[in-house]
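Okay, so here's the structure we're looking at.
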2 protein chains.
Amino acid sequence: MAASTLSEVARLAGVSLATASRVLNGSSRKPAEDIAERVREAADKLGYVPNAQAQALAKSSSGLIGLIVHDIADPYFSAIARGVQEAARQQNRMVLLASTSGAAQDEKEAVAAFAARRADSIVIAGSRSVRAEDKQGNIELAAELDRYCRNGGHVGVVGHPVVGASTTEGYHVVEVPNEELAADLAAELAATHEGEFLIVAGPEGLYTSDDRVRGFQRGLADAGRPAAGIIRTGFNRAGGYDAGPALAERIKASKERLCIFAVNDVMAIGVTAALRPEGVWIPRDATIAGFDDIETLRDFRPALSTVHLPLEDIGRLAAGDPDTAPVSGAVKLRRSTETPVEVQA
Amino acid sequence: MAASTLSEVARLAGVSLATASRVLNGSSRKPAEDIAERVREAADKLGYVPNAQAQALAKSSSGLIGLIVHDIADPYFSAIARGVQEAARQQNRMVLLASTSGAAQDEKEAVAAFAARRADSIVIAGSRSVRAEDKQGNIELAAELDRYCRNGGHVGVVGHPVVGASTTEGYHVVEVPNEELAADLAAELAATHEGEFLIVAGPEGLYTSDDRVRGFQRGLADAGRPAAGIIRTGFNRAGGYDAGPALAERIKASKERLCIFAVNDVMAIGVTAALRPEGVWIPRDATIAGFDDIETLRDFRPALSTVHLPLEDIGRLAAGDPDTAPVSGAVKLRRSTETPVEVQA
DNA sequence: TTGCAGCGGGAATGCGCTTTCCCACATACG
DNA sequence: CGTATGTGGGAAAGCGCATTCCCGCTGCAA
C-alpha cells in the first residue's frame with residue numbers, strides 16, 4: 001500500500017507541506033482561497049488519499065472504535081454491532097471488529113490489539129461471569145482494560161461492569177435492567193398462568209443469566225407463587241436444545257401445564273426446537289418465554305413471548321452516542337404463552 | 001491514548017531503541033538472551049503496548065482488512081462476516097467494518113476510508129447492480145477501488161466482479177455458481193411439482209438476482225416446463241413481504257398449486273410471513289423455495305427448501321484464505337416444497 | 001602478531017503527517 | 001513616518017517505530 005503523499009501534493013501545488021495539510025485535512029487556519037484551490041487540484045490530480053495511520057500518529061487519535069462480541073453471526077450481537085456501527089459512522093469513526101467466543105483470554109488479546117491500534121474507545125458486549133474457571137482470564141482481561149483506561153482509553157461495557165476492574169475511571173457501563181424486566185415478565189405471566197414455572201438458565205455465575213433468574217423469582221414471589229425450578233445449561237441455542245429432552249420428560253410427567261422461562265431468546269428457540277420432535281407443542285402442552293426480542297423472532301413460530309431490549313440503542317450507547325435514550329425494555333406477550341382455547345374451556 | 005513508548009523501554013533497559021525494537025517486535029536479528037530478557041522486563045514493568053499505527057507507518061503494512069456489507073445484522077452478511085473475521089484472525093489481522101445499506105456512494109466512501117487506513121485488503125460483499133440509477137455510484141466506486149488496487153491494494157469481491165472496474169489487477173472474485181445452482185433447484189423442483197412456477201425476484205439489474213432467475217428458467221426449460229412468471233420487488237425480507245398480497249391473490253385464483261421461487265431466503269421468509277395472515281399455508285396451498293441457506297432457517301417453519309451456500313467459506317475465501325475449498329452449493333429440499341399427503345392422495 | 005570475517009549493538013534516517021514557532025509583509029494607528 | 005497589530009505562509013520539530021548503515025569487539029587463521 002503506497003500512494004501519493006502530502007508532500008508530493010504540496011510540491012505539485014507549489015506550496016509548503018504545512019499549507020497543504022491545512023487545506024486538505026482540516027485545520028483552524030484556513031489558507032487563502034486561490035492557494036487552497038491550487039492544492040485541491042493537485043491532490044485531485046495525484047489521487048491523494050491521506051494516510052490515516054500517519055495522521056493518527058501525529059494527532060495521537062486514531063478515529064477507531066473497537067468492538068468485542070462473542071459471535072458476530074449471533075443475532076443478539078449483530079444487532080448491537082449495527083448500533084455501534086451507526087454511532088461510529090455518526091462520529092466519523094470506523095469499527096474494528098473482534099469475535100472471541102466469549103473466552104476471556106481472547107478478549108484480553110483483542111483489547112491488547114485495540115490498544116496497540118490506539119482505538120479511541122472499546123465496546124465490549126457479551127456477559128461477564130464470575131465462574132471459577134474464568135477467574136484467571138477475568139483478572140488478565142481486567143488488567144488489560146485497566147491499563148488501556150489508564151492510558152486514556154474509553155471502555156463501553158454492555159450490561160455488567162467488568163469483573164475485577166480496579167477503577168471506574170474510563171469505564172462507561174450501559175445498564176440493562178435485566179432483573180426488573182425479568183420480574184415484570186414473571187408478574188405478567190403469573191397473571192394468566194396457573195401452573196408451575198421452570199427456568200432454563202445459563203451457567204451459574206454468568207451475570208446476565210443470574211440477574212434474570214433472580215428477577216424472575218422475585219416477580220413470582222411478589223405474585224405469591226412458589227419459586228421456579230432451575231435447569232442450567234449453555235447460554236446459547238445449543239444449550240436450550242440440550243435441555244429439551246429433560247424438559248419434555250418433565251412436561252409429559254406433569255399433569256398441569258408448565259411455563260418455561262428461558263433466560264434468552266436463542267435458548268428459548270433451542271428449547272422449542274428440541275421439544276418439537278418429542279411431540280411437545282407450544283403453547284398446547286407447555287408455554288415458553290424468552291428474553292431480548294432478537295430480530296429473528298419476527299419469523300419464529302409460535303410467536304415467542306419475550307422482553308424487548310433495544311439492542312441497537314444499547315450498541316449506540318456503548319459506543320458513546322449522547323443522543324440515544326437510556327435503555328428501557330418492555331414485556332411482549334405473544335402466542336407462545338397464550339393459554340389455548342381448548343384448555344381454557 | 002498515550003502510552004509508554006519503545007524509547008522509554010529502551011532507556012529503562014539501558015539499551016538502544018534499535019535493540020529494544022528487535023527484541024520486542026520481531027526481527028531477523030536476535031539480540032543476546034540476557035539483553036533480551038532485560039528489555040522484556042522493562043517492557044513488562046512499563047506496560048508497553050507497541051503502537052501499531054507507528055509500526056504500520058514504518059513498515060507500510062497495516063495488518064488491517066476492510067469489510068463492506070449492506071447490513072451487519074442481516075444473517076447473510078453476518079455469516080460472511082464471521083468467515084472474514086476467522087480468516088483475519090488466522091492471518092493475524094484485524095477486521096475493519098463498514099455497513100453501507102448497499103448504496104454505492106457509501107461503499108465508495110468506505111473504500112476511501114479503508115484506503116486511508118492503508119488496509120492490506122478489502123472484502124466487498126453484497127451484490128453489484130447495473131441499474132441505471134446506480135450507474136454514477138458504480139463508476140465512482142469502481143474508480144476508488146481501481147485507485148486502491150493501483151496503489152497495491154487487494155480486493156476480494158463476493159459473487160460478481162465490480163461493475164466498471166478498468167482492470168482485474170488486484171481483484172479476487174469469489175465465484176458463486178448462482179446460475180447453475182438455481183438451475184439445479186429448478187430441475188429438482190420440476191421433478192415433483194406438476195403445476196406452475198413463479199419467481200419472486202429482486203430489481204432487474206441486480207446481478208445475483210438476475211443470475212438466479214436466469215438459472216431457474218433454464219432449469220425449467222431443460223425439464224420441458226414453461227418459463228415462470230416473475231414478480232419484482234426488493235431484494236430483502238421487506239421486499240418478499242410486500243409481494244405477499246399479490247401472491248396470495250394469484251394463489252387463490254389458481255386451481256393448481258403454485259411453486260414459488262424467491263431468489264433469496266430472507267425474501268422467501270418475507271413472502272411466507274405475508275402469506276400467513278392471508279390464510280395461505282405453505283406447503284398446503286403453495287410451495288416455496290429460497291436461496292442461501294442462512295442459519296436462521298434452522299428454526300423457521302415450515303422448513304424452507306433452499307440452496308445451501310457455504311457463507312462462512314465465502315467470507316474466508318474473499319479474505320484470501322488459501323486453505324478454503326472453492327464455493328460449491330447444494331440443493332436442499334425441505335418441507336416447504338413437499339407435496340402434502342392429502343393432495344397426493 | 002596482524003588481518004579479516006562475523007557478530008552484536010547503536011546512531012541516525014525516514015515513514016507521512018500535524019502543529020508550533022517564526023518570519024515577511026500589509027495594514028492601521030499615533 | 002515609525003511602530004504596533006494582525007495575517008498568511010514556511011521551516012522544522014516531533015509522533016513511535018523499523019531499518020540501514022556503521023563501528024567496536026571477538027575469534028580465528030595466516
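Every chain is numbered from 1, with letters handed out A, B, ... down the list of sequences. Keep in mind it's a predicted model, so treat the numbers as computed, not measured. All heavy atoms count here, side chains included; hydrogens, waters and symmetry mates do not.
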Nucleotide [N], atom [atom2] - distance to [atom1] of [X] in whole Å:
{"X": "B:R38", "N": "C:dG9", "atom1": "CZ", "atom2": "C1'", "value": "11 Å"}
{"X": "A:R11", "N": "D:dG9", "atom1": "CZ", "atom2": "P", "value": "20 Å"}
{"X": "B:E33", "N": "C:dC7", "atom1": "CD", "atom2": "C1'", "value": "16 Å"}
{"X": "A:K30", "N": "D:dG6", "atom1": "NZ", "atom2": "P", "value": "22 Å"}
{"X": "B:R118", "N": "D:dC17", "atom1": "CZ", "atom2": "P", "value": "20 Å"}
{"X": "A:K59", "N": "C:dG16", "atom1": "NZ", "atom2": "C1'", "value": "13 Å"}
{"X": "A:L24", "N": "C:dG16", "atom1": "CG", "atom2": "P", "value": "16 Å"}

Below the 4.0 Å mark, does [N] have OP1 or OP2 next to a side-chain nitrogen or oxygen of [X]?
{"X": "A:N25", "N": "C:dT18", "result": "yes"}
{"X": "A:Q55", "N": "C:dT18", "result": "yes"}
{"X": "A:S16", "N": "D:dG10", "result": "yes"}
{"X": "B:T19", "N": "C:dG9", "result": "no"}
{"X": "A:N51", "N": "C:dC15", "result": "no"}
{"X": "B:S21", "N": "D:dA18", "result": "yes"}

Please figure out whether B:Q53 or A:D34 has its closest DNA chain D nucleotide nearer the 5' end.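 Per heavy-atom nearest nucleotide, the more 5' residue is A:D34.
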
Need to verify one output field. Residue with the more 5' nearest nucleotide on DNA chain D, B:A52 or A:L17?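 Residue closer to the 5' terminus by nearest nucleotide: A:L17.
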
[Y]/[X] salt bridge by N-O under 4.0 Å criterion:
{"X": "B:E144", "Y": "B:R147", "value": "yes"}
{"X": "A:K45", "Y": "A:E8", "value": "no"}
{"X": "A:R89", "Y": "A:E86", "value": "no"}
{"X": "B:E41", "Y": "B:R38", "value": "no"}

Classify the side chain of B:R22 versus the base of C:dG10 as yes if they form a donor-acceptor pair under 3.5 Å and no if they do not.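 When only heavy-atom distances are counted, B:R22 does reach the base of C:dG10 through a donor-acceptor pair under 3.5 Å.
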
Checking contacts here: which listed nucleotide (D:dG9, D:dT19, D:dC15) is nearest the side-chain heavy atoms of A:I35?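 Closest nucleotide to the A:I35 side chain: D:dG9.
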
Counting heavy atoms from C-beta on, name the nucleotide in D:dG9, C:dG10, D:dA12 closest to the side chain of A:A18.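 For the A:A18 side chain, the nearest candidate turns out to be D:dA12.
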
In this structure, are over 12 heavy atoms from other groups packed under 6.0 Å from A:E133 atom CD? yes

